[in-house]
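For reference, the structure is listed below as structure tokens.
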Number of protein chains: 2
Amino acid sequence: MVRTAEDSVGSTGVAAARPSLLYVVKQVELAARSHMDEVLKPAGITALQYTALTVLRRRDGLSSAQLARNSFVTAQSMADMITALERRGLITRRRDPENRRAMLISLTDEGRELLAAHDAAMDALEERMLSGLTARQRRDLESYLNRCRTALSDVPPH
Amino acid sequence: MVRTAEDSVGSTGVAAARPSLLYVVKQVELAARSHMDEVLKPAGITALQYTALTVLRRRDGLSSAQLARNSFVTAQSMADMITALERRGLITRRRDPENRRAMLISLTDEGRELLAAHDAAMDALEERMLSGLTARQRRDLESYLNRCRTALSDVPPH
DNA sequence: CGTAATTATCAGGAAACCTGTTGGTCGCAG
DNA sequence: CTGCGACCAACAGGTTTCCTGATAATTACG
């Protein structure tokens with residue numbers, strides 16, 4: 001893991017690296033995920049599963065469908081991950097008393113401990129990613145990215 | 001596709017959305033990929049395959065291994081995609097005359113046409129993503145992201 | 001020369017995606 | 001209150017993307 005992007009982008013100062021920003025975002029996410037997977041491998045979970053768990057830590061009691069929308073995947077895809085996490089004992093599900101078709105998802109103690117055990121490593125990874133930026137630039141980056149996310153999320157046609 | 005992130009992040013102005021920037025990058029990439037998949041679906045290729053093709057357009061004659069490093073995946077993973085793209089007639093491979101173990105990959109005319117047919121849509125998508133940013137902010141964003149990518153790519157310990 | 005590194009490739013499998021379908025539940029308009 | 005549409009979960013079945021592990025050919029180097 002942590003494949004070093006030797007032949008990486010940039011370098012070739014040549015003509016218009018076409019989908020520049022779209023591409024750079026992907027590269028950063030790819031690199032970050034690669035590192036995350038390496039950190040999380042001993043724990044036996046993937047970066048995607050870890051992310052889902054962090055969402056649950058912040059917002060307990062979501063349904064699988066809500067989680068899916070939050071992650072831009074279909075409910076079926078999310079269901080695959082949910083069953084994997086439930087089988088591992090990291091989450092539990094219960095019927096929503098106020099909406100009997102929904103299943104509310106919560107972290108188990110084990111899930112919470114697993115997250116806590118990796119907080120430091122994730123903070124370090126984020127710090128490494130941002131190491132070339134000033135505090136001001138970090139705030140700007142976050143702001144810009146949030147605007148990008150919003151622009152892509154707003155319902156277009158339909 | 002194009003799942004709207006209703007219950008999205010932000011909103012809850014509460015305490016520290018922990019892995020903030022790591023998470024936002026993922027969200028943006030996820031949203032962008034979702035839109036890309038929708039645009040590319042009629043052409044029968046995934047966002048990942050499209051990205052690999054754009055890399056080849058920019059840098060013809062890469063080997064599968066180089067392409068893999070560029071994408072932070074293993075050579076085996078990349079080989080899967082390569083065979084899929086070759087089977088579809090979008091790329092061709094030939095032995096490197098100067099290194100007889102390597103296979104050099106190039107786009108076919110069909111592959112080039114497929115890319116060209118989607119340039120406009122991809123430009124539009126990027127424009128939409130950046131619609132909330134000024135030209136100056138776009139340049140800054142690109143600069144910051146490139147610094148992030150570099151910071152994550154540089155070989156750490158070993 | 002012989003060992004290590006690189007490239008491709010095969011086998012096998014897990015995870016993450018998808019479409020399509022079904023059944024239960026809820027909201028609401030008729 | 002009945003029926004229709006929206007929503008949620010789940011099952012079946014499939015593809016793509018990724019992985020580990022192993023093998024073979026080629027190249028680089030001590």
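In what follows, every chain begins at residue 1, and chains take the letters A, B, ... in the order their sequences are listed. Only a predicted model underlies this, so the values are computations on that prediction, with no experimental measurement involved.
Taking only distance into account, the side chain of A:Arg101 meets the base of C:dT25 through a donor-acceptor pair shorter than 3.5 Å. The base of D:dT26 lies outside donor-acceptor range of the side chain of B:Arg100, with no N or O pair under 3.5 Å.
Summarising the geometry of A:Leu152 relative to B:Val28, their closest heavy-atom pair is CD1-O, 4.0 Å, with the distance given to 0.1 Å. The minimum heavy-atom distance linking A:Ile105 with A:Ser63 is given by the pair CD1-C, 4.1 Å. Shown here for B:Gln137 and A:Arg147, the closest heavy-atom pair between the two residues is OE1-NH1, 3.4 Å. Scanning all heavy atoms of the two residues, the minimum distance from B:Ser64 to B:Met78 falls at O-CG, 3.6 Å.
Within the 4.0 angstrom heavy-atom criterion, base atoms lie near A:Ser77. Within 4.0 Å (heavy atoms only), A:Ala79 reaches no atom of the nucleic acid at all. Among the heavy atoms of the strands, none lies under 4.0 Å from B:Asp96.
Contact check, A:Thr46 against C:dA16: a side-chain N or O comes under 4.0 Å of OP1 or OP2. Proximity of A:Lys41 to the phosphate of D:dC18: no side-chain N or O atom is located under 4.0 Å from OP1 or OP2. When the side-chain nitrogen and oxygen atoms of A:Arg69 are compared with OP1 and OP2 of D:dC8, one or more of them lie within a distance under 4.0 Å.
Using a cutoff of 4.0 Å between basic side-chain nitrogens and carboxylate oxygens, B:Glu127 and B:Arg138 are scored as salt-bridged. The residues A:Asp37 and A:Arg33 are annotated as salt-bridged, a charged nitrogen and a carboxylate oxygen being separated by less than 4.0 angstrom.
Between B:Ser153 and A:Gln27, the closest side-chain pair of non-hydrogen atoms is not below 4.5 Å.
When rounded to the nearest whole Å, the span between CD of A:Glu29 and C1' of D:dT17 equals 14 Å. Rounded to whole Å, the distance from CG on B:Leu30 to P on C:dC17 is 7 Å. Between the CZ atom of A:Arg95 and the P atom of D:dA9 there is a distance of 8 Å, rounded to whole Å. For A:Leu40 and D:dC18, the CG to C1' distance is 16 Å, given to the nearest whole Å. Between the P atom of D:dT17 and the CE atom of B:Met36 lies a distance of 12 Å, rounded to the nearest Å. Taking atom CD of residue B:Gln49 and atom P of nucleotide C:dC18, one finds them 15 Å apart after rounding to whole Å. Taking atom CG on B:Asp37 and atom P on D:dT15, their separation rounds to 18 Å, with Å as the unit. As rounded to whole Å, 14 Å separates atom P of D:dC19 from atom CG of A:Leu48.
Projected onto DNA chain C by closest heavy-atom contact, A:Gln76 and A:Glu98 fall at different nucleotides, the more 5' of which corresponds to A:Gln76. The 5' end of DNA chain C is approached more closely, in terms of each residue's nearest nucleotide, by B:Ser64 than by the other of B:Ser64 and A:Asn99.
In the set D:dC8, C:dC17, C:dC18, D:dC8 carries the atom at the smallest distance from any side-chain atom of A:Ala102. For A:Val73, whose side chain is taken as the heavy atoms from C-beta onward, the closest listed nucleotide among D:dC18, C:dC18, D:dA9 is C:dC18. Nearest to the side chain of B:Thr74, among C:dC17, C:dA8, D:dC19, sits D:dC19. When distances are taken from the side chain of A:Met103 to each of C:dT7, D:dC19, D:dA10, the shortest belongs to D:dA10. Checking D:dA10, C:dT9, C:dA8 against the side-chain heavy atoms of B:Ser63 singles out C:dA8 as nearest.
Using a 4.0 Å cutoff on non-hydrogen atoms, the parts of residues 80-93 of chain A near DNA chain C are A:Asp80, ordered by number.
By the salt bridge (charged side-chain N to carboxylate O under 4.0 Å, His left out) test, B:Arg93 pairs with B:Glu86, sequence neighbours left out.
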